[in-house]
Every structure is written in C-alpha cells, then in structure tokens.
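Start at 1 and go down the list; that is how both ligands and their atoms are numbered.
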Amino acid sequence: MSLDYNIFCFNVESIPELEVINELAAAKGKIANISFRINPNVGAHTHANITTGLAENKFGISMQDMGHVIEVALEMKNVKFIGLHFHIGSQILDMGDFVALCNRVNELQDKLEAHRIRIEHINVGGGLGIDYKHPNRQAIPDFKDYFSTYAEHLKLRSYQTLHFELGRAITGQCGSLISQVLYVKQGANKKFAILDAGMTDLIRPALYQAYHKIENITSEDAVEAYDVVGPICESSDVFGKAIDLNKVKRGDLIALRSAGAYGEIMASSYNCRELPQGYTSDELV
Ligand SMILES: Cc1ncc(COP(=O)(O)O)c(C=O)c1O
C-alpha cells in the first residue's frame, strides 16, 4: 500500500508538514508519494472570491519557493515527489485562462527538467464553468473545447499522466433547490416572495452575488417581478432581485436551478436551521 499526499501550503523555512509525513512514513516502513500544490500566479476571469491561482491568494506554494521545497523533498528518504498540482479558480468560461495555466506549467516543467527533475503526475485542477443563465440550453458544458485546449497547449511528457478535478461542470446542472413560498409580501415599492429555503441551503448568491435561474414551477399565471428572498434575519439572504416569475402565491414551489454543485455541500445550520434534504428524481416520484 502506498501513502499519497498532496502538500497544500506550508511555512517554507522549516516545512514541518513534509517532515511529519517523512517521519510517519518512516515509522511505518513506507514511502509516501507526494505532490505539491503550486500557486502559478495565473488569474482567471471569474468572481474574485473564487479565484485561487493568483500570488495574492492563500492557496499553494509560491513559484519562488517551489524549487527549494522540491529539493528538500528529494533529500528525504521516506517521501517520493511524484506530482505537481494546480487549480486557478472556478466558474471559468474563458479558455484563455486555461491556456495561461498551460503556459505556466510548461515554463515550470522546462525549469525542473533543466535540473533533471522528473514529474510523473500533472494535476491541473478543475474550474470549467457552466451556464447559470440558461441551464437548459447547454446543460452539458463544452468539454471538447476544454480538453482540446489542454491537448493543444500543455506540453505533456510521454511518461506523464494528466489529472483533472472538474466539479461544477459535471454536477452543477444536475440539481435544483426546490423550495416553497411562505409568504408574498408587498413592500413599499416591490413585492417579495419569501421562501422556506434560505442562504443556509444555497449560499452562493449571498457569498458571491452568484446568479441562479429561479422558476415558479406551480403557477402558470401572468409574470410579475419579485425579490426572491429567504426567511433568515440577514439582509444578504436574497436569491435574486426583480426576478420575473409566474404570479406567486403562498405554497407555490420555486426551483432554484443549477444547484447541483456548491449547493447542499455548502449548506449550514446557521440560525439553528435544519440542513436541506437531498433527493434523487426517482425518490420524488
Ligand atoms: C483543488 C480543487 N480542485 C478542483 C476543484 C473543483 O473546481 P470546479 O468545481 O470549479 O471544477 C476545487 C474547488 O474548489 C478545488 O479547490
């Protein structure tokens, strides 16, 4: 059995995580395979809160520290350095961002190769975005465009394995948050549709001002505009403002689309609320 670790982020002076892994592996008489998460300092055209690959972001080992960290790992007897890992952000729709990552990985690989350092595994993370505005129009993202970008721009060596960690692109369009209207409130100058679901069930709109398509799946009455909000005592507990919905009444079912990624998994019991229940469509029939 091998021990596999992805070293994420540490203090480069002493590298305690690496020492601990080396000691634990030695104690078990094993060699631990390790990869390093590198911060490639590559930006992504996405929301600032879901960009992860810039030097200003907390993730990964900086490029300037990378050489030293790898050298230390190569000196250790019970760790085997096998891979480099990157992830520049999420909900990325501009293939140019992935091209920039490929170019950076190529640069790093050339430098390491000049020092005769061979890497078996390259992991480029995930990040491919989905169409939140039109979840039905292109439910399956353009994987061909995504993978051919890497095929064209990444200079993979013949002995290397390339890994992807796509999340949202695979599951994002597979789930909806179905919620019931508690109350329709007439405000001073707009109507609020108050749902029984709130930011504790789907936090993306409150956290990143993210857009989710909202549909009234009960009513076929003429369209009206509503601020669609949750029942939690927070002004950020809002799913969408001035949303056109078929006329809403108490008890209507409201679907918040594209909630299959970063939905239930980011739910919390803030305000002592219960966690949402996930069901497959078969279970609902
Ligand atoms: C290291 C890493 N890889 C992959 C992913 C998946 O990203 P996405 O859902 O954008 O494909 C994430 C998401 O946070 C991540 O942190």
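Using a 30° and 60° split on the angle between ring planes, His212 and Tyr132 fall in the perpendicular class, above 60°. Between Tyr150 and Phe98, the ring-plane angle classifies as tilted under the 30° and 60° cut-offs.
The ligand atoms of ligand 1 that sit less than 4.0 angstrom from a heavy atom of Leu166 are 11 (O). Near Tyr262, the atoms of ligand 1 lying under 4.0 angstrom from a non-hydrogen atom of the residue are 6 (C), 7 (O), 8 (P), 9 (O), 10 (O), 13 (C), 14 (O). Which parts of ligand 1 touch Gly126 is read off a 4.0 Å heavy-atom cut-off, strictly below it: atoms 4 (C), 11 (O). Close contacts between ligand 1 and Gly167 involve ligand atoms 8 (P), 9 (O), 11 (O) [criterion: under 4.0 Å to a heavy atom].
Residues Glu23 and Lys28 are not paired through a salt bridge, judged by the lack of any N-O separation under 4.0 Å between the basic side chain and the carboxylate.
The shell of residues lying under 4.0 angstrom from ligand 1, judged by heavy atoms, includes Gly127.
Within the model, atoms CG of Leu24 and CG of Asn78 stand 10.0 Å from one another, a figure rounded to the nearest 0.5 Å.
Within the cation-pi definition used here (under 6.0 Å to the ring centroid, within 45° of the axis), Lys133 qualifies as a partner of Tyr211.
By heavy-atom distance, the residue among His85, His87, His163 lying nearest atom 15 (C) of ligand 1 is His87. When Glu165, Gln91, Arg168, Arg37 are checked for heavy-atom proximity to atom 3 (N) of ligand 1, Glu165 turns out nearest.
In terms of polar-atom proximity, defined here as any N/O pair under 3.5 Å, Ala169 makes no such contact with ligand 1.
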Steps toward side-chain contact (heavy atoms from CB on, under 4.5 Å) verdict (Thr200, Ile232):
CA-CA 8 Å; Thr200 52; Ile232 300 166; 3.6 Å; yes
